[in-house]
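Below is one structure, written out as C-alpha cells; comments come after it.
First the proteins, then the strands, lettered A, B, ... as listed; each starts at 1. Just so you know, these numbers come straight off a predicted model, no measurement behind them.
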There are 2 protein chains.
Amino acid sequence: MTFSKTEAFTEKQQAFARMAKALSHPARIAIVEHLLKVGTCISGDIALELPLARATVSQHLQELKAAGLIQGSIDGQKVCYCINNEGFNELLEHFTAFKTLAYQSQNCIC
Amino acid sequence: MTFSKTEAFTEKQQAFARMAKALSHPARIAIVEHLLKVGTCISGDIALELPLARATVSQHLQELKAAGLIQGSIDGQKVCYCINNEGFNELLEHFTAFKTLAYQSQNCIC
DNA sequence: TAATCATTTCGTATGTTTACGACATAATAC
DNA sequence: GTATTATGTCGTAAACATACGAAATGATTA
C-alpha cells in the first residue's frame with residue numbers, strides 16, 4: 001500500500017515532485033552543482049568527486065537522467081554527462097511558480 | 001547500508017536535499033501550494049482537499065514541518081498550519097543559487 | 001462528568017531507496 | 001586476438017517511505 005497515490009494529483013504536481021525527488025539526496029545535489037560549475041561535460045570523474053562506489057554513483061546518475069535533469073552521451077568508452085537544459089529549466093519554472101504564489105500570499109495569522 | 005552517507009557532503013547540500021525531499025511527494029506539493037494560495041492558516045481541511053486518510057495527511061504535514069517548510073500552532077482542538085516563511089525562503093535561496101550557476105554555465109558540448 | 005470532535009501517534013504491511021561488490025559489456029591499446 | 005579501461009547492470013541487505021485503521025490524546029460541548 002505504498003504505491004503513492006500519485007494518480008490523484010495533477011500532472012504538474014507529479015512532475016514537480018519527480019524532480020524534487022531527483023534532488024532529494026545530497027550526492028545528486030553535488031552532481032548537479034558540479035555539472036553546472038564545470039559546464040563542459042564530465043564522465044566518471046564525477047565518481048572521484050564523491051565518497052561513493054562507482055556503482056552507486058552510476059545509480060544516482062541514472063536517476064538524474066530519468067528525471068530529465070541531466071543527459072549523457074557516449075564518447076568512445078567514456079560517457080559524457082551534462083545538464084539537460086530543457087528539464088533543468090522546467091524545474092526552475094516550477095520554482096518560479098512557487099515564488100509567485102509566495103509573493104501573493106498573506107502572512108501567517110496563526 | 002542505506003544510511004545514506006549524508007555526512008560526507010556539505011551542510012548546504014544536505015539542507016537543500018532535505019528540503020527537496022520534503023517536496024518529493026505530490027501530496028506535499030499540493031499541501032504547500034494550498035497553503036501558499038489560501039495564505040491564512042488551515043487545519044484538517046487540508047485532509048478534505050486530498051484523497052488520503054487523515055492519518056496519512058498528518059504524516060505528510062509532520063514531514064513538511066520537520067523540513068521547516070510549514071509551521072503549525074494549536075488553536076483550541078484544531079491545528080492551524082501555514083507556510084514557515086524563514087524555511088521557505090531558505091528553499092528559494094537554494095534555487096536562486098542553482099539558477100545563478102546555470103547562467104554562468106557553458107552550454108553542453110556533448 | 002461524559003460525549004464528541006480534531007488531530008496525532010502506533011502498529012503494520014508492502015514497496016522503494018541506498019549502498020556495495022561482483023559480473024557484464026563495449027571501446028581502445030598492445 | 002588479448003589486455004586494459006570506463007561504465008553500466010545484477011543481486012542483495014538494510015533502511016526508509018507510504019498508506020491505512022485503530023487507539024491515544026486533548027479540547028470543547030452537553
* Within less than 4.0 Å of OP1 or OP2 of D:dT18, is there a side-chain N or O belonging to B:T56? -> no
* Report yes if at least one side-chain N or O of B:H60 is closer than 4.0 Å to OP1 or OP2 of D:dA17; otherwise report no. => no
* Asked: Counting only side-chain N and O atoms of A:Y81, is one of them less than 4.0 Å from OP1 or OP2 of D:dG8?
  -> yes
* Structure fact -> Closest non-hydrogen contact found for A:I31 with A:L61 is CG2-CD2, 3.9 Å
* Rounded interatomic separation in angstrom, taking NE2 from B:H25 and P from D:dC16 -> 18 Å
* Could you write nucleotides 24-30 of chain D as a row of B, S and -, 5' to 3', where a protein heavy atom under 4.0 Å of any base atom gives B, of only sugar-phosphate atoms gives S, and otherwise -? -> --BBS--
* To do: Would you mind reading off the distance between B:I46 atom CD1 and C:dT8 atom C1', rounded to a whole angstrom?
  => 14 Å
* Atom NE2 in A:H34, atom CG in B:L101: separation rounded to 0.5 Å? -> 12.0 Å
* **side-chain N/O A:R54 vs C:dG21 OP1/OP2, d < 4.0 Å** => no
* Roughly how many Å is it from CG in A:L23 to P in C:dT18, rounded to a whole number? -> 12 Å
* Asked: With respect to the phosphate group of C:dT17, does any side-chain polar atom (N or O) of A:K21 fall under 4.0 Å of OP1 or OP2?
  -> yes
* Remember a base hit wins even if backbone is also touched, and classify B:Q59 as base, sugar-phosphate or nothing at under 4.0 Å, heavy atoms. => base
* Structure fact -> Looking only at C:dA19, D:dC20, C:dT8, the nucleotide nearest the B:S58 side chain is C:dT8
* Asked: Do B:K12 and B:E90 pass the salt bridge (Lys or Arg N to Asp or Glu O under 4.0 Å) test, and can you show the C-alpha distance, the side-chain angles, and the key distance before you say yes or no?
  -> CA-CA 10 Å; B:K12 214 164 196 170; B:E90 192 188 317; over 6 Å; no
* Asked: Between D:dT7 atom P and A:I70 atom CD1, what is the distance in whole Å?
  -> 13 Å
* Asked: Given atom CG of B:D45 and atom P of C:dC5, what is their separation to the nearest angstrom?
  -> 16 Å
* Please report, rounded to the nearest Å, how far the C1' atom of C:dA6 is from the CG atom of B:L48. => 11 Å
* Could you state the CD-P distance from B:Q62 to C:dT7, rounded to the nearest angstrom? -> 12 Å
* Asked: Between A:R28 and A:A22, is there a donor-acceptor pair closer than 3.5 Å when you use the side chain of the first and the backbone of the second?
  -> yes
* Asked: Taking the side chain as C-beta and beyond, is there a heavy-atom pair between B:L64 and B:Y81 under 4.5 Å?
  -> no
* Asked: For the pair made of NZ in A:K78 and C1' in C:dT25, what is the distance, rounded to whole Å?
  -> 18 Å
* **Of B:V79 and A:E63, the one whose closest DNA chain C nucleotide lies more 5'** => B:V79
* Can you list every pair that meets ring pair (Phe, Tyr, Trp, His ring centres under 6.0 Å) and has a residue in residues 39-76 of chain B, with sequence neighbours left out? -> B:H25-B:H60
* Any side-chain heavy atom of A:F95 sitting closer than 4.5 Å to one from B:T96? -> no
